[in-house]
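Just so it is clear, the model here is predicted, and its values are computed rather than measured. Note on naming: letters A, B, ... go to the chains in the order of the sequence lines (proteins, then strands), and numbering restarts at 1 for each one.
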Amino acid sequence: MTDSAQQTGGAAGSGADAPPYRYTAALAADIERRWQDRWEEQGTFRAPNPVGPLAPAPGSAEADRLTRPKKYVIDMFPYPSGAGLHVGHPLGYIATDCLTRFQRMAGFNVLHAMGFDAFGLPAEQYAVQTGQHPRKTTEENIDRYRGQMRRLGLAYDDRRSFATTDPEFVRWTQWIFLQIYNSWYDAEQHRARPIGELVEQFASGARPTPDGRPWAQLSETERAGVLDGHRLAYRSEAPVNWCPGLGTVLANEEVTPDGRSERGNFPVFRRDLAQWMMRITAYADRLLDDLDTLEWPEPVKMMQRNWIGRSHGARVAFDVAEHAESITVFTTRPDTLFGATYMVLAPEHDLVTAITPASWPADTPAAWTGGAADPATAVADYRRAAATKSELERQENKDKTGVFTGAYAINPVNGARIPIFIADYVLAGYGTGAIMAVPAHDHRDFAFARAYGLPMRCVVAPDDGRGDDPASWDDAFVSGTAAVVNSTGDGVSLDGLAVPEAKKRIADWLAAHGHGEATTTYKLRDWLFSRQRYWGEPFPVVYDEQGLAHPLPAEALPVELPEVDDFSPVTFDADDADSSPAPPLAKATDWVHVTLDLGDGPKRYRRETNTMPNWAGSCWYELRYLDPTNADAPVDPANEQYWMGPRDATDPGGVDLYVGGVEHAVLHLLYARFWHKVLHDLGYVDSAEPFRRLINQGYVQAYAYTDERGFYVPAEQVESTDDGYVYDGRPVEREYGKMGKSLKNVVTPDEMCDAYGADTFRVYEMSMGPLEASRPWETRAVVGSFRFLQRVWRSLVDEQTGQPRVADIAIDDDTRRLLHRTIDGVTTETAELRFNTAIAKLIELTNKLVQVSADGAPREIAEPLVLMVAPFAPHVAEQLWQLLGHDDSLAYQPFPVADPQWLTAPSVVYPVQVNGKVRGRIEVAPDAAADVVEAAALAEEKVAAALAGRTPRKVIVVPGRMVSVVL
RNA sequence: GCCCCGGUAGACCAACGGCAGAGUCAAUGGUCUCAAACACCAUCCAGUGUGGGUUCGAAUCCCACCCGGGGCACCA
């Protein structure tokens, strides 16, 4: 496992007697440094904007670029961690860089930029430990990232880079927050509108207030409360995910299914706390439906669909027998209402206590009571047991448990008395927290009914031959298409209807009789937007003495973080569910208490001390690249329209290509879509979606090795022997996974640049496989890409003198055909991001070039080869281009175009199959008619022998491909 | 349990339904070298996870199963 570069002291190709101009790591480093400097000096990759500070001077080269079609291609920007980049991180960056370099040459105006998602926990935790300000840590890390990226030759527009922590960026993040705060969702028009328009509706009486009083009679506090019920950003006292171990609350998306924090894996508790929320649920339908307009990987779309979790069904109200209460259930199968034989409430359901009677009804089966003497005890015991069960235990144990409440409900369609249970298989947080149980047609209800001896009633006729007696079934019969039976009651009959029609009829009946209505529920919940952290965007909000929130005016932005001595929130024992959040900003009392004039004279106010979650900046950064220096708006509409606007009526617009890891499938991508849609509704952006096309790059994974004690050993020092893997003379176990410090298997791009140069590293990463595929890192294989570039170099440059050895040497037709086939293939493959096959074709052409270049390289091959290599190995390509006699950078040289004349061969060899086996080959003209080919095939010696005089039943000629003879 | 993605040479990966190999690493032999490394030349290497089906013809399309990776998981 020792790699060759290390054996030679760190730099490949170097040797005491190497020719002075051999392409070695040292020469590559020299070339790379030189071209990186030149690109920077000349602003080579600056993309012109239509308007604003980045608009080109008339008549400049950039002005010409504006006339071309555009491409906007970015990667998910990184959080700059203290560890720097390892070889896995830049996979996507290199891919978009190769693509955009190609697109520039192919005639597009290309916007390619990179920034930093720089708020976040690690810098803050470091600050807590060391006292170093997170800004300082962050800036140091960003500098390091910038250095590493520059060294890879990534061609970004340097004017468009920023960090989300930059005060100018924070200013617009806060500004967008205020736009969201000052908006409401008009469910009739399906779009966000300014809150002022809602106020007008209330004031004019066009929209009644919640309690019917005229708007003018409401107090200021009451009005604020009403409006908070509509604002897209609002404060609410609601159950939130409180994580004592992190000292902050978390969004639902940041909590794992087993109830722990995604970061840190600490326990999370539900607590009622006043927090900022984002009304993302208002956009549930559009976030779901618009997925269809996006070119995204299907798994990502599916994860978002699952997360939004829309389901259509009905709410049905069941009266409780001998009670004034009624219980509303949500069901997706209202057509099976006649099959409901019991009801289940979540243990936490509000009405449980109210409906539980003092004693068990007569004839209550012992199994239903949980062994308790009375229902109240049974319910209390069960609730306690359910509460102490962890989410994980609930999941692992799928056996249905529950207990009878002693109460009965009345089925509205037939008046049947059905027992009401509580059971933890019904979740408090979904639907209404109550279900009607239809054991014959639901797997879960079936299992519960079997366990507790509850009756079943078949109301959908099985069409799989199992018969219509549920007692004889092994499981529920679930069908969305079969016919409904046994469903005639109080003025309604569903018998004979197929399930979809039955759903509709019963919904109409329920609505007409006041028992319910068709409805839609979602798993998606509003987005918790407060964090008790220091290193985040402050909210641009203050509170007056009554506690009413006041947004700050745009001129007051950005609200900057105060300097503090202590960056830590008060953290608690990770299991201390009773603790309460205390944000670090609350300690900055001079900052918190301010005197402001918000229009009615100077008054005392208190600042919001929570900060925004670190998703805020990434919700809109793709817009800021478009107009990074705009001081009047997040982005000028003309610039947004040019780079991201919809292409046609069906196109949502957005970034032309977005590359990043699948781990952001729900969180970042859902939040960013939400903000974008709000900005779209309010008229700030033309595009309806932020990211038109998305590709998830694979992971670069690596082997890690553990010794007999289970400790990781440095992977680079492990050797592979016939007896297995050995470290320091002792056998070690190999495992495969992520690259990371703790696994001691990190390889950095800097090491690869030292050993081979950035161009080699780029070519290697791109030739490892398709972008979407994960692949194992193998340092020793990098040398293959190095050899390729070395062959290109050696063919075109004299290793002794450094002079070009290119000449106007004639090439034969076969070579010329290979050249044009390569151009054709590389163009297609590169445009489609199939870089591995594009590079393979370039290697093939290079190998041919080596063969024909004994006395010098034919210019006819050399020039297009250099241009085609350029997207992948830009530095060496620039150097060669210059040696070929060109003064300008090749960044905007037209990509070679294949001549169709040389794409067809002078003759075609057809394999001839007889009964599926290849028996011979014939060579004919490429445009030979089918009957000519057939005649030639049948006449071929070996084919004729195989035929042995028999007449073929059938002869198939596939033009250009093959001949198949069937006997 | 359900849903995705993937199984092709020792490894990574190619192959519009048409001769399984474009390319890379490794291995083996050679050239160069005092020797090695680098470099170069040459050679070796699989019938495509398994079983069916469709077809003149299947790695490719269909069905079932096995293995690996990922996602969801009592969502009514």
Side-chain angles (χ1 to χ4, degrees), chain A residues 4-5 7-9 12-19 22 24 257 297-303 306-307 309-311 313 329-333 336 344 394-395 397-398 400 423-427 429-438 442-445 447-448 521-523 662-663 665-666 698-699 701 720 736 763-764 767-770 772-778 780-788 790-791 794 799 822 825 834 836-844 846-847 850 909-918 921 952-956 958 960-967:
Chain A
S4 55
Q7 284 170 355
T8 58
S14 59
D17 52 355
R22 171 158 291 177
T24 59
E298 204 48 47
V300 175
K301 289 189 184 186
M302 201 165 51
M303 280 187 254
N306 285 342
W307 189 260
R310 178 167 67 192
S311 68
V329 304
F330 173 73
T331 176
T332 57
R333 295 296 302 273
T336 61
V344 185
R394 274 202 187 193
Q395 275 174 42
N397 188 0
K398 295 261 170 97
K400 301 284 180 290
D424 64 3
Y425 82 91
V426 172
L427 310 176
Y430 185 75
T432 62
I435 62 155
M436 63 175 206
V438 184
D442 180 279
H443 299 297
R444 296 151 300 183
D445 297 342
F448 188 84
T521 65
Y522 303 87
K523 277 161 66 182
V662 70
E663 65 271 20
V666 172
Y699 295 109
Q701 294 179 297
S720 174
Y736 181 57
V763 170
Y764 176 64
S767 54
M768 286 162 86
E772 294 90 335
S774 290
R775 69 279 323 252
W777 177 262
E778 195 179 8
R780 67 175 180 179
V782 178
V783 70
S785 301
F786 182 65
R787 287 179 190 147
F788 160 54
Q790 216 169 38
R791 284 199 297 278
R794 194 169 42 232
E799 291 189 317
T822 304
R834 292 194 294 265
N836 52 329
T837 49
I839 290 169
K841 290 182 197 314
L842 290 170
I843 292 172
E844 200 183 354
T846 301
N847 292 346
V850 169
V909 175
Y910 282 78
V912 183
Q913 288 183 352
V914 179
N915 278 355
K917 286 207 172 75
V918 177
R921 287 164 216 289
R953 272 203 297 143
K954 199 168 170 187
V955 178
I956 297 151
V958 185
R961 286 287 173 190
M962 63 141 35
V963 182
S964 185
V965 181
V966 188
L967 284 177

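The separation of B:rC40 from B:rG51, taken at their C1' atoms, amounts to 48 Å, rounded to a whole angstrom. Straight-line distance between the C1' atoms of B:rG7 and B:rU60: roughly 14 Å, to the nearest whole Å. Separating the P atom of B:rC4 from that of B:rC41 is a span of 47 Å, rounded to the nearest Å. Across B:rG68 and B:rC61, the matching C1' atoms stand 24 Å from one another, rounded to whole Å. Distance noted for atom C1' between B:rC72 and B:rA64: 24 Å (whole Å). Look at the P atom in both B:rC67 and B:rG30: the space between them is 46 Å, to the nearest Å. When the P atom is compared between B:rG49 and B:rC44, the two are found 24 Å apart, to the nearest whole Å. With both ends at atom P, the span from B:rA15 to B:rG6 equals 13 Å, rounded to whole Å.
Checking the phosphate oxygens (OP1, OP2) of B:rC19, no side-chain nitrogen or oxygen of A:Arg961 falls inside 4.0 Å. Between A:Asn836 and B:rA14 there is a side-chain N or O to OP1 or OP2 distance below 4.0 Å. In terms of phosphate contacts, A:Ser311 brings a side-chain nitrogen or oxygen within less than 4.0 Å of OP1 or OP2 of B:rA76. Residue A:Lys954 places at least one side-chain N or O under 4.0 Å from the OP1 or OP2 atom of B:rC56. Residue A:Arg780 has no polar side-chain atom (N or O) positioned under 4.0 Å from OP1 or OP2 of B:rC12. The phosphate of B:rC25 (OP1 or OP2) has a side-chain N or O of A:Arg787 nearer than 4.0 angstrom. For A:Arg794, a side-chain nitrogen or oxygen approaches OP1 or OP2 of B:rC40 to under 4.0 Å.
The CZ atom of A:Arg961 lies 10.0 Å from the OH atom of A:Tyr910; values are rounded to the nearest 0.5 Å. Atom OG1 of residue A:Thr822 and atom CD1 of residue A:Ile843 lie 11.5 Å apart, to the nearest 0.5 angstrom. Taken to the nearest 0.5 Å, the CD atom of A:Glu799 stands 7.0 Å off from the CD atom of A:Gln790. Between A:Arg787 atom CZ and A:Thr846 atom OG1 the span is 15.0 Å, to the nearest 0.5 Å. Atom CD in A:Glu844 sits 14.0 Å away from atom CD1 in A:Ile839 (nearest 0.5 Å).
Atom-to-atom, OH of A:Tyr699 to P of B:rC5 comes out at 17 Å; the value is rounded to the nearest Å. Here B:rG69 presents its C1' atom at 13 Å from CE of A:Met303, a figure rounded to the nearest Å. The distance from atom CG of A:Asp445 to atom P of B:rA76 is 12 Å, rounded to the nearest whole Å. When rounded to the nearest whole Å, the span between CD of A:Gln790 and P of B:rC25 equals 12 Å. When rounded to the nearest whole Å, the span between CZ of A:Arg791 and C1' of B:rC38 equals 14 Å. A:Glu298 places its CD atom 16 Å from the C1' atom of B:rC2, with the value rounded to the nearest Å. Regarding A:Ile839, its CD1 atom lies at a distance of 15 Å from the C1' atom of B:rC25, rounded to whole Å. The distance between atom CD of A:Gln701 and atom C1' of B:rG6, rounded to the nearest whole Å, is 13 Å.
Here the nucleotide nearest the side chain of A:Arg22, chosen from B:rC38, B:rA22, B:rA76, is B:rC38. Among the nucleotides B:rA76, B:rC4, B:rC74, the one closest to any side-chain atom of A:Asp424 is B:rC74.
Here A:Ala840 lies in heavy-atom contact (under 4.0 Å) with a base. Residue contacts shown for A:Ile843 are limited to sugar-phosphate atoms, with no base heavy atom under 4.0 Å away. Looking at heavy-atom distances under 4.0 Å, A:Ser774 makes contact with sugar-phosphate atoms alone, never a base. Looking at heavy-atom distances under 4.0 Å, A:Pro770 makes contact with sugar-phosphate atoms alone, never a base.
Looking at heavy atoms from C-beta onward, A:Trp777 lies in side-chain contact with A:Tyr764 at the 4.5 angstrom threshold.
Pair assignment for B:rG6 gives B:rC67, based on Watson-Crick or G-U wobble hydrogen-bonding distances that are each under 3.5 Å. The base-pairing partner of B:rG23, taking Watson-Crick or G-U wobble contacts with both distances under 3.5 Å, is B:rC12.
Remark: A:Lys400 is not positioned above the aromatic ring of A:Phe448, lacking an NZ or CZ atom under 6.0 angstrom from the ring centre and at most 45 degrees off the axis.
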